[in-house]
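Below is one structure, written out as structure tokens, with a few remarks after it.
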Amino acid sequence: MNHIRSQDFESDREKRAILNDGLRQTLMQLDHDNRMNGIISLLADLDGAREDFETALWAAYAFNNLDTYESYLEAEKWLKGVEREGIHSGIWHYRYSVALAYQGKYDEALKISEKGTRVEPDYPWGWLQLARMQYHAGQKNDARYSIEIGLKLIPGDYEFLTLKDAIDNGQDSESVLGHYLSSADDTTAERSRRIARLAHEKKQYEARQARKALIGRLNRFHAEKKFDKIVEEIQTIRPAERGYELTLLLARANNNLGEHEKAIVQLNTITHQGENDPGWHFQMGAAKYYLGKKTLAKGSFERVLELDPDDGDAWQYLIWSCKATGDTSPLLETNATVPGIGNATTSGQLPELYSEEELTAVENYIVQTFGEYDFVFHEVFSPDVHVDIAIINPTRARPFHTLVTIGMGAHRMNVPSHLADKKLERAEMMICLPSSWDIANDDEKWYWPMRWLKVMARLPITNDTWLGWGHTVPHEKPFANNTELSSIMLINPGLFFMDREQTPCRLPNGDDVRFYQMVPLFEDELNYKQTHDADKLIALLDEDAIIVDVNRHSVCTSSDRKNWKIKRENIKHVLKDWKGPEGCLATDRIMVDGSRIGYMYREEPDPDMPDSGWRFTAGDESSDYMMDPDKAGIYSLNTVCNYDPDIIPLLDAPYGTAYYRDETGHFHQTDMEDGEDDEPFQ
């Protein structure tokens, strides 16, 4: 028996921005089949779900019924997100109290239950939960009173009577705390075991969270080059309790402190776990290299590159190891291109650096132009130029992160002779990221802008070329798995010169350092720039492009960039006997994502248009999705029938007809929703 009843949703259907009747039927069926994870998966894919009251109630229902400590945490998060509406709902208070109680937050759960019964005194299950929490708090008489009210609302209810008997018989207060998921769970012993299990899960969760916070703190120390603090923190933990990740971080810190023998000892304790980890082999290689064991180091860096061919630092160390030993490596063929280094040589030259006076001039220019920076990503390894990255945090005037390289301009680029008088030889790179960007996270979906600042800073050296305004640099694939952005264009940082003339940074010797802003592009935007020019593309770009937005749309023609699920050349003639107009509307959930049609309706079209009147959706599109004109298109009925032939027998239905598809895949006729015959797809 589920402790939160699906029929409770029937009174909460006024807000219909997210769920439609087809989705509600699917959710009911998933509930009937006790498929709580199915409910969660369906809701998680809906745009705006966490801000929608009805959707949040469904999510909390499913998470509470999963009956794990972390699922109760998730239920609380969903309900907290709709608190403004929830404070007027007895159901919301009930589910919130259940989620809190099974996290061990008994005092909070009691207060929420009390508020719920005041808000909606006719909701019986609020009284049931309140009675449980009152009994747990030692308020026996209050609990009996709550049960009495509940039995007046639902005479003879099994759960109220069972709770009353438990209180009268003096059962342990934790054994009557709440729901049971089946009749087999309706025993005092089973409920007590559940409480003990959840308490154990809570301890495990808190331990994981503490470990996660520790790792984050240690990585911040690493970025700030506070390696001694890393060692100090990790050494407070017994070696047997450190685990693989902490031991590897300790070895990395000792390497950075020059304690290479200690690093090797620590790495040897986790040899088996590090067998296929390039990070373990890199730290072992670095320790051996600086201990003078260059031949052994060479083998370690070769193993790094077998596991991660894009590790530019490992390539450089391999080059230096071979140079020191006079040895060669099959990975360093004559025509090999080293990622991030280009056509590598074994010159072993020191990186180019600004003079102290030049560095001061550059740093002062950054502060005066872009803002004060409190943090710098310092580069530990520099194969050619030393490139640090200054982080300028968001302000009220400029609500975005600004990242600026410091060091690229120490190298004079190979500018064409006809531009020699323009002082374009020196440059630095910058990029603007939204305030929500997780700067400290080294996951690639967050880290790629920092990586590409360094790639762009070194490109003029590795390719003996130059970079300037309007130049584009393509990448063979998207920068990360959460975006299709895949190339860089350089523009002037106009956002910072709205009220003054743009000027370069002047060095003491009279050289200029130009600062170029990196703007990530889609492939079609890159093609547009190459077939037109940079000025024309820049004229199309808006702030979503200037301040990086991985979810933005291309500014080029939308139809040219959509990746149809069925290619046009594969469309077949399947609608053979249709006599009327063939025009129809369908959303990208069908035509691009490949979802089956979940809801379709036919309105009376303009008689002057070649329109069949049919409108097709997947049934899970949000109102914001439907308001976006780029998320739908006009197609022929035959094309849509290629995507979902099941609709063909229904197409002769009269205007004003609507169908939804149930979980079994069958269509059922239903009433058209309000407004659909007036302004569809607005």
Side-chain angles (χ1 to χ4, degrees), residues 244 247-249 251-352 379-387 407 411 442 444 447-448 450-452 454-465 473 475-477:
Y244 178 75
T247 303
L248 185 61
L249 292 179
R252 182 180 70 174
N254 275 318
N255 265 338
N256 282 301
L257 290 169
E259 300 285 354
H260 305 300
E261 290 181 347
K262 288 183 180 178
I264 288 178
V265 170
Q266 289 146 6
L267 291 167
N268 281 334
T269 66
I270 53 172
T271 300
H272 178 70
Q273 300 98 307
E275 182 179 359
N276 295 310
D277 180 5
W280 184 92
H281 289 282
F282 187 93
Q283 294 304 324
M284 183 63 81
K288 293 173 181 176
Y289 181 90
Y290 288 110
L291 287 172
K293 302 175 182 179
K294 304 294 197 302
T295 300
L296 295 175
K298 168 179 167 288
S300 292
F301 292 121
E302 286 176 329
R303 179 59 177 154
V304 172
L305 294 169
E306 289 174 5
L307 296 167
D308 183 9
D310 293 329
D311 191 327
D313 290 351
W315 281 107
Q316 186 64 80
Y317 271 108
L318 178 59
I319 291 168
W320 287 350
S321 297
C322 289
K323 180 178 174 60
T325 61
D327 202 352
T328 60
S329 171
L331 298 178
L332 293 173
E333 300 173 357
T334 304
N335 60 349
T337 298
V338 177
I341 297 179
N343 293 324
T345 68
T346 56
S347 63
Q349 295 178 351
L350 293 175
E352 297 179 75
E379 187 170 63
V380 177
F381 172 72
S382 304
D384 32 39
V385 288
H386 183 84
V387 182
H411 171 77
D442 59 3
E444 194 62 20
Y447 183 71
W448 67 263
M450 280 72 87
R451 181 187 303 283
W452 271 84
K454 295 193 175 190
V455 168
M456 297 292 284
R458 291 195 159 91
L459 190 145
I461 300 175
T462 59
N463 291 346
D464 191 25
T465 186
V473 178
H475 189 39
E476 63 183 17
K477 57 185 179 181

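We're numbering straight along the sequence, starting at 1.
Every side chain to side chain contact (heavy atoms under 4.5 Å, CB included) that Thr295 has, sequence neighbours left out, goes to Thr325. For His475, the ring-ring contact (aromatic ring centres under 6.0 Å, His included) partners at least two apart in sequence or on another chain are Trp452, Phe479. When the side chain to side chain donor-acceptor pair (under 3.5 Å) test is applied to Asn254, the partners found at least two apart in sequence or on another chain are Gln266. Ala457 pairs by the side chain to side chain contact (heavy atoms under 4.5 Å, CB included) definition with Val387, Met408, not counting sequence neighbours. Qualifying side chain to side chain donor-acceptor pair (under 3.5 Å) partners for Glu302, counting only residues two or more places apart in sequence or in other chains: Lys298, Ser329.
Applying the side chain to side chain donor-acceptor pair (under 3.5 Å) test to residues at least two apart or on different chains, the pairs with a partner in residues 269-279 are Tyr244-Asp277, Asn276-Arg303.
Scanning all heavy atoms of the two residues, the minimum distance from Gly279 to Leu248 falls at O-CD1, 4.2 Å. Scanning both residues, Ala297 and Gly285, for their nearest heavy atoms gives CB-O, 3.5 Å. Nearest heavy atom pair, residue Leu296 against residue Lys288, reads CB-CD, 3.7 Å. Minimum heavy-atom separation, Gly274 to His281: O-NE2, 3.4 Å. Nearest approach of Pro278 to Val304, heavy atoms of both residues: O-CG2, 3.6 Å. Taking all atoms of both residues into account, the shortest heavy-atom contact from His411 to Pro460 is NE2-O, 4.3 Å.
Ring geometry for Phe301 against Tyr317 counts as parallel: the plane angle stays under 30°, on a 0 to 90° scale with 60° as the upper cut.
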- Query: Given the rule in the side-chain contact (heavy atoms from CB on, under 4.5 Å) test, do Met284 and Asn268 qualify, once you have shown the distances and angles that lead to the verdict?
  - Reply: CA-CA 9 Å; Met284 183 63 81; Asn268 281 334; 3.6 Å; yes
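Of the possible polar contacts, none joining the Arg252 side chain to the Gln283 backbone as a donor-acceptor pair under 3.5 Å is found.
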